[in-house]
K.L.:
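Structure below; questions to follow.
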Amino acid sequence: MTEYQPPGDPSGDPSGGPDAAYDAVVLAGGAARRLGGADKPGVRVGGRALLDRVLAACAGARATVVVADPRPTARPVIWAREEPPGGGPLAALGAGLRHTTADRVVLLSADLPFLDRRTVEGLLTSLGRGAADGVLLTDSDGRDQPLVAAYRTAPLHRELNALTDRHGDLTGLPLRRLTAALHLTRLSDPVASFDCDTWDDIATARARIREHGHVLDEWISAVKDELGIDLDVDTGVLLDLARDAAHGVARPAAPLTTFLVGYAAARAGGDREAVAEAARKAATLARRWADEDTPPAGSTDTPPAASPDAPSGDVAPDATPDTRPDAG
């Protein structure tokens with residue numbers, strides 16, 4: 001039987017902005033019956049487990065509680081479990097909320113492949129600007145998605161206590177018993193609210209992230225998670241640098257130069273400014289390098305032809321015009 005027990009000393013920052021303290025509760029212990037009982041939080045979309053994708057979206061939380069049996073995750077979390085396991089989302093929320101102390105909590109399911117940090121920050125910002133008890137997303141059909149939402153914790157504690165007094169415990173109670181008693185604001189976001197309940201949903205998510213407009217951002221996010229890098233990389237700067245190195249020097253110079261920029265940025269502190277400064281220096285060098293291969297305006301000089309008797313080692317390996325990456 002799951003009884004609700006609020007934390008002893010809730011505290012937090014009531015300022016309400018996206019940078020103010022908040023906690024996150026992620027529900028990841030469902031049975032996944034429509035997936036044939038598969039381990040849904042561990043199903044990979046874009047090379048990352050669904051649970052890890054959601055944890056990346058709420059990485060700004062002061063504490064992140066995952067209500068499920070423990071498993072390896074890309075980010076450190078607090079584990080909790082409703083008693084008995086499988087008691088439903090309301091019981092799971094009660095179990096997770098006991099480990100939070102902030103005045104605001106983001107409540108998420110573990111099957112949201114397109115949720116990102118900007119969406120979470122948008123929910124928190126909207127909550128801070130109004131007087132509502134919570135802000136939730138609606139899906140493409142206009143249906144409420146209470147597991148993609150930000151709530152004030154005081155109303156959650158109040159209503160969970162009331163439900164426990166009325167029913168004895170929270171096991172088996174639907175989540176709408178809670179949300180019906182709250183004053184909620186709704187934001188429409190069919191993409192971020194898309195959840196994976198079936199294998200068709202999984203296939204749809206996997207196909208979408210490989211579309212031209214999404215694949216690069218998805219790949220960069222996956223690499224950062226895999227390498228444990230929490231850095232807002234300006235991909236435009238790095239792509240411009242790679243283009244300059246490939247066209248002005250040689251095509252293999254692009255990946256090697258961006259690697260060296262990353263190494264230099266790490267030595268200089270590893271923040272966004274360090275990456276930008278290292279990329280600027282390398283891009284300037286690439287342009288200087290390319291300029292030397294362009295005759296000055298009005299010049300009629302041509303490079304001297306190599307002597308037929310000259311050793312082959314005296315000829316630059318990229319001297320043949322059609323071997324340049326931008327030839328033709």
Side-chain angles (χ1 to χ4, degrees), residues 1-16 18-30 40-42 49-112 115 117 120-121 123-124 127 133-136 146-165 167-173 175 177-179 182 230:
M1 182 174 71
T2 299
E3 296 182 356
Y4 177 65
Q5 297 176 350
D9 183 24
S11 61
D13 183 346
S15 60
D19 296 328
Y22 74 94
D23 292 332
V25 174
V26 181
L27 306 189
K40 182 161 66 170
L50 283 171
L51 175 57
D52 283 335
R53 296 179 72 92
V54 172
L55 294 179
C58 60
R62 185 171 65 186
T64 300
V65 184
V66 179
V67 186
D69 293 330
R71 66 169 68 229
T73 55
R75 296 174 183 270
V77 301
I78 300 166
W79 295 99
R81 202 68 167 111
E82 75 275 25
E83 187 60 43
L90 197 59
L93 170 59
L97 204 61
R98 287 198 290 271
H99 297 273
T100 67
T101 56
D103 285 342
R104 304 176 303 161
V105 62
V106 172
L107 177 61
L108 305 167
S109 60
D111 59 353
L112 302 165
L115 185 71
R117 193 179 299 199
V120 171
E121 291 173 352
L123 289 167
L124 292 165
L127 182 65
D133 297 327
V135 179
L136 54 77
L147 297 183
V148 200
Y151 298 95
R152 302 185 194 280
T153 53
L156 293 183
H157 293 312
R158 181 191 69 223
E159 296 305 325
L160 288 172
N161 278 326
L163 287 167
T164 301
D165 290 342
H167 298 279
D169 67 90
L170 301 174
T171 301
L173 295 180
L175 195 58
R177 294 285 184 90
L178 172 71
T179 56
L182 299 175
D230 190 13

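One is the number of the first residue; the rest follow in order along the sequence. Predicted model, so just to flag it, every value in this text is computed and none were measured. Heavy atoms only: backbone and side chains are in, while hydrogens, waters and symmetry mates are out.
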K.L.:
Do any N or O atoms from the side chain of Glu82 and from the backbone of Gly87 form a donor-acceptor pair under 3.5 angstrom?
P.N.:
yes
K.L.:
Taking Tyr22 for its side chain and Ala61 for its backbone only, find out whether a donor-acceptor pair lies under 3.5 Å.
P.N.:
yes
K.L.:
Please report the closest heavy-atom contact between Cys58 and Val26, naming both atoms and the distance.
P.N.:
SG-CG2, 4.4 Å
K.L.:
Assess whether side-chain contact (heavy atoms from CB on, under 4.5 Å) is satisfied between Leu27 and Leu107, documenting all intermediate values.
P.N.:
CA-CA 8 Å; Leu27 306 189; Leu107 177 61; 4.0 Å; yes
K.L.:
In Å, rounded to the nearest 0.5 Å, how long is the span from CD1 of Ile78 to OG1 of Thr100?
P.N.:
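Answer rounded to 0.5 Å: 9.0 Å.
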K.L.:
Evaluate the side-chain proximity of His99 to Val67: yes if any heavy-atom separation is below 4.5 Å, no if none is.
P.N.:
no
K.L.:
Report the C-alpha separation of Leu93 and Arg98 in whole Å, then their side-chain angles, then the decisive distance to 0.1 Å, and conclude whether the side-chain contact (heavy atoms from CB on, under 4.5 Å) test is met.
P.N.:
CA-CA 9 Å; Leu93 170 59; Arg98 287 198 290 271; over 6 Å; no
K.L.:
List in chain and number order the residues that pass side chain to side chain contact (heavy atoms under 4.5 Å, CB included) with Ala68, two or more places apart in sequence or in another chain; answer none if no residue qualifies.
P.N.:
Ala28, Val66, Trp79
K.L.:
So how far is it from Leu108 CG to Leu147 CG, rounded to the nearest 0.5 Å?
P.N.:
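Atom-to-atom, Leu108:CG and Leu147:CG are 8.0 Å apart.
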K.L.:
Looking at Ala59 and Arg75, what are the two nearest heavy atoms and their distance?
P.N.:
CB-NH1, 3.4 Å
K.L.:
My understanding is that only residues two or more places apart in sequence, or in another chain, count here; which of them pass side chain to side chain donor-acceptor pair (under 3.5 Å) with Thr64?
P.N.:
none
K.L.:
Tell me every residue that passes salt bridge (Lys or Arg N to Asp or Glu O under 4.0 Å) with Arg117, counting only those two or more places apart in sequence or in another chain.
P.N.:
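Residues passing salt bridge (Lys or Arg N to Asp or Glu O under 4.0 Å) with Arg117: Asp230.
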K.L.:
Quick one: do His157 and Leu97 satisfy side-chain contact (heavy atoms from CB on, under 4.5 Å)? Show the steps, please.
P.N.:
CA-CA 8 Å; His157 293 312; Leu97 204 61; 3.6 Å; yes
K.L.:
Do side-chain atoms of Asp23 reach the backbone of Ala63 as a donor and acceptor pair under 3.5 angstrom?
P.N.:
yes
K.L.:
If I compare all heavy atoms of Arg62 with all of Ala21, which pair ends up nearest, and what's the gap?
P.N.:
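Shortest heavy-atom contact: NH1-CB, 3.8 Å.
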K.L.:
Atom CG in Leu90, atom OG1 in Thr164: separation rounded to 0.5 Å?
P.N.:
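Answer rounded to 0.5 Å: 8.0 Å.
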K.L.:
Is there a donor-acceptor contact under 3.5 Å from the side chain of Tyr151 to the main chain of Pro146?
P.N.:
yes
K.L.:
What closest approach, in Å, do Leu182 and Pro155 show between heavy atoms, and which atom pair accounts for it?
P.N.:
CD2-CB, 3.8 Å
K.L.:
Which atoms form the tightest heavy-atom contact between Leu124 and Ala150, and what is the distance?
P.N.:
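In this case the closest contact between Leu124 and Ala150 is CD2-CB, 4.0 Å.
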K.L.:
Evaluate Val77 against Val65 for side-chain contact (heavy atoms from CB on, under 4.5 Å), listing each step before the verdict.
P.N.:
CA-CA 6 Å; Val77 301; Val65 184; over 6 Å; no
K.L.:
Under the 3.5 angstrom rule, does the side chain of Asp52 hit a backbone N or O of Thr73 as a donor-acceptor pair?
P.N.:
no
K.L.:
Yes or no on salt bridge (Lys or Arg N to Asp or Glu O under 4.0 Å) for Arg81 and Asp69, after CA distance, side-chain angles and deciding distance?
P.N.:
CA-CA 7 Å; Arg81 202 68 167 111; Asp69 293 330; 3.2 Å; yes
K.L.:
Where is the tightest heavy-atom contact between Leu175 and Pro89, given as atom of each residue plus distance?
P.N.:
CB-CG, 4.4 Å
K.L.:
Which distance, rounded to the nearest 0.5 Å, do you find between the CZ of Arg177 and the CG of Leu170?
P.N.:
11.0 Å
K.L.:
Nearest 0.5 Å, what's the CG-CZ distance between Leu127 and Arg104?
P.N.:
6.5 Å
K.L.:
Just do the salt bridge (Lys or Arg N to Asp or Glu O under 4.0 Å) check on Lys40 and Asp111 with the steps written out, would you?
P.N.:
CA-CA 7 Å; Lys40 182 161 66 170; Asp111 59 353; 3.0 Å; yes
K.L.:
Within the structure provided, determine whether Leu112 and Leu50 are in side-chain contact (heavy-atom separation under 4.5 Å).
P.N.:
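No, side chains not in contact.
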K.L.:
How many angstroms lie between CG in Leu123 and CG in Leu136, if you round to the nearest 0.5 Å?
P.N.:
8.5 Å
